[in-house]
Amino acid sequence: GNSVTQMEGPVTLSEEAFLTINCTYTATGYPSLFWYVQYPGEGLQLLLKATKADDKGSNKGFEATYRKETTSFHLEKGSVQVSDSAVYFCALSDFGNEKLTFGTGTRLTIIP
Amino acid sequence: KAGVTQTPRYLIKTRGQQVTLSCSPISGHRSVSWYQQTPGQGLQFLFEYFSETQRNKGNFPGRFSGRQFSNSRSEMNVSTLELGDSALYLCASSFEQGGAGNTIYFGEGSWLTVV
């Protein structure tokens, strides 16, 4: 079956630091990959996505590249802000399937 | 355009009772999914409905059920509540187009506490 593995949190960084949150996946087919973000007390918001190998998803300064050879989709941001503090979830869906398989989430805290 | 709307936002139930949660998808979206989020198990898929038919089901006991109406609105029901059912229940919708990477939008969730 499908599975997603994220780096363990929590992660604490200073403002303007470089961020990487690792994500690797196992899938039987050719999945689409997503990063979702959850702010305290809220639901999930789609941050970015990629649907095929070597695609780069980007949004709000965050980027992630679909690496089929390493089955990875690491999230990066060059300079984080306090407002980026949230829980980040890596997820995948199979082709033509609306079901998402999530990683365990990584809690990110940015210190001013 | 309004987002995915879930009601109620917060509720407290007693063990053994049943609960019904409601979800209104984004206008035009025909696929509705439900997820359970707990600190211990994370985000787990419950089921997905499309055009009033259940297309996918996660690994949950039969106490968890759902349905979708002709206007795409969906409800989920949990019967004989257990303490372990305390969770954030998230509804999600998408404009199912087939193919890859349909964007799935989530509501803010319904916080259920079972006492």
Side-chain angles (χ1 to χ4, degrees), chain A residues 1-10 23 25 27 29-59 64 66 68 73 86-107, chain B residues 3-7 9-10 21 23 25-26 29-51 53-60 68 72 74 87-111:
Chain A
N2 296 338
S3 67
V4 176
T5 302
Q6 281 182 243
M7 67 184 288
E8 292 285 327
C23 171
Y25 67 89
Y30 200 159
S32 295
L33 302 173
F34 306 83
W35 277 99
Y36 280 86
V37 58
Q38 186 174 37
Y39 297 100
E42 299 184 10
L44 299 172
Q45 297 177 26
L46 178 66
L47 184 58
L48 53 84
K49 70 178 186 181
T51 59
K52 61 183 186 295
D54 300 324
D55 260 5
K56 177 185 281 189
S58 61
N59 186 25
Y66 190 142
K68 190 169 187 289
F73 193 54
V87 181
Y88 291 81
F89 293 91
C90 185
L92 67 81
S93 68
D94 283 329
F95 185 90
N97 193 322
E98 304 302 284
K99 173 187 172 183
L100 287 167
T101 300
F102 285 92
T104 53
T106 302
R107 182 175 299 278
Chain B
V4 179
T5 305
Q6 293 187 243
T7 57
R9 289 293 319 277
Y10 305 91
L21 308 178
C23 173
I26 292 171
H29 286 191
R30 295 189 299 167
S31 170
V32 175
S33 304
W34 289 88
Y35 292 79
Q36 181 196 64
Q37 185 177 21
T38 60
Q41 299 298 317
L43 280 155
Q44 293 187 286
F45 173 79
L46 280 156
F47 25 64
E48 186 232 341
Y49 288 87
F50 180 81
S51 292
T53 300
Q54 187 181 89
R55 288 202 301 192
N56 269 308
K57 188 177 189 308
N59 189 25
F60 278 82
Q68 186 181 33
S72 293
S74 178
L88 176 65
Y89 289 89
L90 290 164
C91 175
S93 76
S94 69
F95 180 70
E96 200 265 4
Q97 302 163 318
N102 294 321
T103 297
I104 298 171
Y105 298 87
F106 283 80
E108 295 197 329
S110 293
W111 289 92

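Bear in mind the structure is a predicted one, so any value in this text is a computation, not a measurement.
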**Q** A/L92, A/T101, A/T104, A/L44: which one forms the most heavy-atom pairs within less than 4.5 Å of chain B?
**A** A/L44
**Q** Quick one: what part of B/I104 sits under 4.5 Å from any heavy atom of chain A, side chain, backbone, both or neither?
**A** both
**Q** Between B/Q68 and B/R30 (side chain of the first, backbone of the second, donor and acceptor by atom type, cut-off under 3.5 Å), is there such a pair?
**A**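 Answer holds: yes.
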**Q** A/L46 versus chain B, heavy atoms under 4.5 Å apart: side chain, backbone, both or neither?
**A** side chain
**Q** Do the side-chain N and O atoms of A/E98 and B/S94 include a donor-acceptor pair separated by under 3.5 angstrom?
**A** yes
**Q** With a 4.5 angstrom heavy-atom cut-off, could you sort out which part of A/L100 is near chain B: side chain, backbone, both or neither?
**A** both
**Q** Counting only heavy atoms closer than 4.5 Å, note whether A/Q38 contacts chain B via side chain, backbone, both or neither.
**A**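 The side chain, not the backbone.
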**Q** Between A/K49 and B/T103, does any side-chain donor sit less than 3.5 Å from a side-chain acceptor?
**A**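 Looking only at side-chain atoms, B/T103 and A/K49 do form a donor-acceptor pair, the distance falling under 3.5 Å.
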**Q** How about CZ on B/R9, more than 12 heavy atoms from neighbouring residues, nucleotides or ligands closer than 6.0 Å, or not?
**A** yes
**Q** Select one option (side chain, backbone, both, neither) describing which atoms of B/Y35 are under 4.5 Å from chain A's heavy atoms.
**A**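 Only the side chain of B/Y35 comes within 4.5 Å of chain A.
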**Q** With a 4.5 angstrom heavy-atom cut-off, which part of B/Q37 approaches chain A: side chain, backbone, both or neither?
**A** side chain
**Q** About how many Å separate OG of B/S93 and OH of B/Y105, when rounded to the nearest 0.5 Å?
**A**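 Between B/Y105 OH and B/S93 OG, I get 8.5 Å after rounding to 0.5 Å.
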**Q** Taking the six-membered ring for Trp, are B/F95 and B/H29 parallel (under 30°), tilted (30 to 60°) or perpendicular (over 60°)?
**A** tilted
